[in-house]
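Keep in mind it's a predicted model, so treat the numbers as computed, not measured.
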Amino acid sequence: MTFALHGVGVSRGIVIGRALTLDVGHAEVVHRVVPLGERQAEQQRFLRALGQVRDEFEHLKLHVPTDAPAELGSLLEVHALLLTDPHIAHDPLKLITERGMNAEWALSEIVDKLVAQFEAMDDPYLRERKNDILQVAGRLQKALSGSIGTTHDQEEFAEPRILVASDLSPADMLEFRHHSGDAPLAGFVTALGGRTSHTAILARSMNVPAVVGVQGADSRIYDGEWLIVDADAGTVLIAPDEPVLAYYRQRLERQIGERAALSALNRQPATTLDGHTVRLMANIELPEDTGLAMKMNADGVGLFRSEFLFLGRNELPGEEEQFEAYREAIKGMQGRPVTIRTLDVGADKALAGDNAPPPAENPALGLRAIRFSLADPPMFRTQLRALLRASAFGPLRILVPMLASAREIEATLAQIQLARQELGEAGEDYDPQVPVGGMIEIPAAAIAIGAFTRHLDFLSIGTNDLIQYTLAIDRTDASVADLYEPLHPAVLKLIALTIEAGARAGIDVSVCGEMAGDPEFAPLLLGLGLPVFSATSAQLPYLREAIRGLRYDTARQLAQAALEQTDSRVIREQLREFMQRQTTRPMKAA
């Protein structure tokens, strides 16, 4: 009998295939007190397991298939680096010696503390990084128990495979490929994870449907069962009957046709029916993400988060390491501009070890983003020098997060000038005209926009934080999440104010938050005069399609009507009616 499980769809599409369940769960950890005379031997047992997992990662890195997504090797490298982190590599040894814990217990004790730190973070992308630690720890626990690796004893199927697990690591993905034969990888289903988990990142890069956070997926789905993964709805159908299969096969045929049509649009400009063109930029997390951005014909990178270099490590990345990463991203875009945001951590997004600032009572309002960077000028200039050096290899734009005042802008520009002087004295090449922009994430920035347009070369509206700070709502708090409203009149007025100020000053304005990637909001942002949309690469085809089906003049009318309203419910209804008219508009009107 058909039954359904529900989760979060993290990439678009539908797939029908056979379940391949992976044994990557974490076994129960046995707690045992080790006698004093046996503790050195227990330490050696832990070190052998560490070496075993390290060797396995090295083997997997050397055998990444040439057709695998670039992210796979990069994420595997992140996991290999975690094995060198003192928290994982050394702290369990102390617990074995000082408290007599067996290796499994000591490791789980350290991991629980690390996971708790990550779970306390507000940023969903950073919060998901706890899974990296859990995945590496899981492999170490398997090595300690003598059962390393994924196992899936089942008959071979020629049909598409859908991976089902509690969670999936890059190493699990590679091991699957070695055992999957010729059956294509068609989708993912995991019990854990969210929109920013590595499973989600890999699914989007591979353009395969995936649903994560599916409670019971790893216990209620069996090897070889027929599954339908509807990532659009966040639904997994198990053992579908013939009527359900027939319905989804029809949807699958339509999906294939729609994707072919979207692919054909990739080389077309994002131009409205009446000739108004906007630019579509990509948001990326890793340098390797530029491959998909180019495939989707992004006009450049509108947001590259640099945090991936800084998190989950005791020592801050040096100038050379940062430079190599930034240069890789710039070269990957083949002459198209790359906007790299300076470090956006601090308080709840804590760095590890001695680099972490003291805990804040209200992390969202504490020492974070540019405030954190300006509080540590040597660290900030290390990043700025790396960025400027990378600018010698292609068009780079530096984006500064969470600016709130003219004073912060001036202090930031002063640090950039010092970084230029240091590079000049060292004889390093860089572009002296690198544009510097600021993120509009705080209502104060939008209201005092004149200071931004006078001093900066471009602006980028981070709608996620702008909405949160404007409405005083933490959207990760379930008790108030329903009050998080992108169409709130105050939010729209702040966006409109920023776009208008940028147009008057003749500087670029983009939106890089989630609003920009949702085709539902495209008519409104277009009508407000937004010249640049920046979204994940996978969302760009849908944005391109939406914009090419709109008229700029009618979108302007929609935006003007919305700005006159005082109730978000009325604005949402206006938008719904507008989209209905677009859908039913006769072809000759185009």
Side-chain angles (χ1 to χ4, degrees), residues 23-34 39 42-43 45-50 52-54 57 75 78-145 147-148 165-172 190-194 196-199 212-213 215 218-219 310-314 345 347-360 363 476:
D23 178 20
V24 294
H26 305 299
E28 189 75 22
V29 174
V30 176
H31 292 190
R32 178 174 61 85
V33 176
V34 180
R39 292 179 186 180
E42 188 70 4
Q43 286 183 321
R45 189 168 77 88
F46 176 78
L47 291 173
R48 282 196 300 273
L50 197 68
Q52 184 179 348
V53 176
R54 186 182 297 117
F57 279 149
L75 297 179
V78 170
H79 283 201
L81 284 172
L82 280 174
L83 290 173
T84 67
D85 186 282
H87 289 304
I88 293 175
H90 302 306
D91 288 0
L93 298 174
K94 295 178 183 177
L95 292 181
I96 293 170
T97 300
E98 296 170 4
R99 296 171 58 182
M101 292 180 174
N102 63 309
E104 291 89 344
W105 182 9
L107 176 62
S108 67
E109 186 85 358
I110 296 299
V111 168
D112 286 347
K113 290 179 181 178
L114 292 174
V115 167
Q117 291 174 9
F118 276 84
E119 285 181 337
M121 298 179 180
D122 282 343
D123 188 289
Y125 176 77
L126 301 181
R127 198 163 53 243
E128 285 289 349
R129 302 289 68 81
K130 71 181 181 187
N131 289 328
D132 296 327
I133 296 169
L134 288 170
Q135 289 164 358
V136 170
R139 294 187 77 81
L140 278 170
Q141 294 286 13
K142 283 179 176 290
L144 287 166
S145 69
S147 60
I148 194 164
S166 59
D167 198 9
L168 289 169
S169 72
D172 297 328
T190 62
L192 303 176
T196 52
S197 66
H198 281 160
T199 302
V212 303
Q215 189 172 2
D218 51 348
S219 60
F310 291 78
L311 298 174
R313 53 193 297 172
N314 258 10
V345 297
D348 64 309
K349 303 177 186 179
L351 296 174
D354 297 336
N355 306 306
T476 66

How long is the span from the CG atom in Leu140 to the CG atom in Leu144, to the nearest 0.5 Å? 6.5 Å
Among residues at least two apart in sequence or on other chains, which ones pass side-chain contact (heavy atoms from CB on, under 4.5 Å) with Asn102? Arg32, Val34, Glu42, Glu104, Trp105
For Thr190 and Leu192 the tightest heavy-atom approach is OG1-O, 2.7 Å
Which side-chain N or O atoms in residues 89-99 pair as donor and acceptor under 3.5 Å with protein atoms at least two apart or in another chain?
residue	atom	partner	partner atom	Å
Asp91	OD2	His87	ND1	3.1
Thr97	OG1	Gln43	NE2	2.5
Thr97	OG1	Leu93	O	3.2

What are the two closest heavy atoms between Arg45 and Ala103, and how far apart are they? NH2-CB, 3.9 Å
Rounded to the nearest 0.5 Å, the OG1 atom of Thr84 sits from the CZ atom of Arg54 at a distance of 8.0 Å
Ser108 and His31 have their tightest heavy-atom pair at OG-NE2, 4.5 Å
Identify the heavy atoms of Ala143 and Gln52 that sit nearest to each other, and give their distance. CB-OE1, 3.9 Å
Within this structure, what is the CD1-CG distance for the pair Ile88 and Leu82, rounded to the nearest 0.5 Å? 5.0 Å
How close do Ala137 and Val111 get, heavy atom to heavy atom, and via which atoms? CB-CG2, 3.6 Å
